[in-house]
Amino acid sequence: MSDERIERTLRELPQETAGSDFTAQVLERLDHRPRRAVPLRWAMATAAACLVFVAVSFTWPRDPGAGPPELDAQARLEMLLAEKTALEEELRSLRRMADGAQPLVYLGSNNDVDLVLDLSRLHRRTDLHPRPEKLEAGTPHRTAGLPHRLRPQPRPVVY
Amino acid sequence: MADNDAQLLMRSRKRDAQAFAELIDRYKDRMVNYLTRLTGCRDRAEDIAQETFVRFYKQLHHYRDEGTLSAYLFRIATNLVRSEERRKRRWQLLQPLLATSHFGRNGHHSAPSPQADALASEEQIQVTRALASLDLLYRAPLVLREIEGLTYQQISEALRCSEGTVKSRLHRGRLLLKQSLNAYWNGDAAR
């Protein structure tokens with residue numbers, strides 16, 4: 001069997017023709033094509049324009065010469081200055097209080113006595129602060145006067 | 001002829017229904033014939049041919065007057081058949097799952113109409129059936145070449161592939177068609 005036979009058979013197939021109302025049916029299909037009330041292109045363009053407007057309105061730099069923003073800034077500045085003045089005044093009064101205060105420290109009390117320490121009468125003694133001393137064998141320990149339970153316990157020495 | 005097509009196209013773009021109707025009249029028979037051979041079903045062919053012209057009308061403003069108008073129309077028609085066959089294949093895959101017999105019972109590859117049957121010889125019926133059973137990849141170039149008589153260049157334009165691809169698909173299509181018709185031609189079908 002050859003290619004010619006196939007080709008010949010295919011060419012000999014009867015020619016189909018369109019129906020008599022073919023063209024009318026196509027035109028009818030075109031007439032009844034569903035159309036959008038608003039063309040898609042216009043709808044998309046409108047949506048894009050709205051988006052751009054919203055984006056620009058949020059990101060547009062505000063004009064410093066405009067009315068309301070200037071008022072806000074001025075009011076804020078005045079408020080900050082007033083707060084600064086009040087804080088300075090408070091600080092000054094605290095200093096005055098500290099300077100004129102009596103150096104008394106309340107230590108405690110029992111039913112009969114309140115124990116108050118007047119720091120102005122307390123003489124500054126440098127020897128009140130213990131200096132580290134090198135302990136030597138045979139040297140009397142500074143804690144000698146302490147009760148036994150408060151004395152530091154000797155550590156065992158390992159040679 | 002080409003000038004006339006161009007003039008009709010120009011008028012059609014301006015929504016001249018008469019001009020578009022003339023264009024349809026010019027190409028409708030070729031489209032219906034091509035699609036009948038491609039689908040194996042006359043009614044379906046006519047429906048797809050109508051849809052082809054509707055699609056073409058929608059794309060009128062995008063159509064450039066390059067090549068031949070018939071090749072462009074054949075391309076739309078082939079794409080429509082391809083889409084429909086894909087849809088049909090999907091339904092066939094889903095059919096066992098859906099278990100409803102009415103889906104996919106379109107009879108797309110049914111035999112030609114009784115009128116055509118009466119006119120056609122037994123051999124023509126067999127060839128039509130064999131052709132309809134071929135993959136669209138081979139069926140389309142075979143019909144365009146052997147039945148519509150398009151050149152390789154026009155076929156490549158219509159199917160958007162190279163001329164070399166067209167030739168190889170034609171060769172393969174003929175082989176498959178021969179294999180399909182072997183039984184009939186060797187007299188096995190008569191038994």
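In what follows, every chain begins at residue 1, and chains take the letters A, B, ... in the order their sequences are listed.
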Open item on the list: Holding to side-chain contact (heavy atoms from CB on, under 4.5 Å), I want the full list of residues that pass it with A:Glu78, two or more places apart in sequence or in another chain.
Closed with: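 Residues passing side-chain contact (heavy atoms from CB on, under 4.5 Å) with A:Glu78: A:Gln74.
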Open item on the list: How close do B:Lys28 and A:Gly19 get, counting heavy atoms only, and between which atoms?
Closed with: NZ-O, 4.3 Å
Open item on the list: Can you tell me if A:Arg95 has over 12 outside heavy atoms packed within less than 6.0 Å of its CZ?
Closed with: no
- [ ] Give a yes or no on this: more than 12 heavy atoms of other residues, nucleotides or ligands lie within 6.0 Å of atom CZ of B:Arg11.
- [x] yes
Task: Top contributor to chain A interface from B:Asn33, B:Val127, B:Asp25, B:Leu177 [non-hydrogen pairs under 4.5 Å] - done: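 Ranked by contacts with chain A, first place is B:Asn33.
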Non-hydrogen side-chain atoms of [X] and [Y] separated by less than 4.5 Å:
X       : Y        : answer
A:Leu27 : B:Phe20  : yes
A:Glu7  : B:Arg174 : yes
A:Leu13 : B:Arg37  : yes

Task: Neighbours of chain A found in residues 146-171 of chain B - heavy atoms under 4.5 Å - done: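 Within residues 146-171 of chain B, the residues that come under 4.5 Å of chain A (heavy atoms only) are B:Glu146, B:Ile147.
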Task: Sequence-distant partners of B:Phe56, ring-ring contact (aromatic ring centres under 6.0 Å, His included), two or more places apart - done: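 Per chain and number, B:Phe56 pairs via ring-ring contact (aromatic ring centres under 6.0 Å, His included) with B:Tyr63, B:Tyr72.
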Task: Engaged part of B:Tyr34 at the chain A interface, taking heavy atoms whose separation is under 4.5 Å - done: neither
- [ ] Go through the atoms of B:Leu175 and report whether side chain, backbone, both or neither lie under 4.5 Å from a heavy atom of chain A.
- [x] neither
- [ ] Would you give the length of the straight line joining atom OG1 of A:Thr23 to atom CD of B:Glu22, rounded to the nearest 0.5 angstrom?
- [x] 10.5 Å
Open item on the list: So, taking the atom named CD in A:Glu16 and the one named CZ in B:Arg30, what distance separates them when rounded to the nearest 0.5 Å?
Closed with: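 Spacing of CD (A:Glu16) from CZ (B:Arg30) equals 15.5 Å.
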- [ ] Hydrophobic side-chain clustering at under 4.5 Å (ILVMFWY, transitive links): who's grouped with A:Phe53? Put none if nobody.
- [x] none
Open item on the list: Checking the side chain of B:Arg42 only, and the main-chain atoms of A:Thr17 only, is there a donor and an acceptor separated by less than 3.5 Å?
Closed with: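 At least one qualifying donor-acceptor pair exists.
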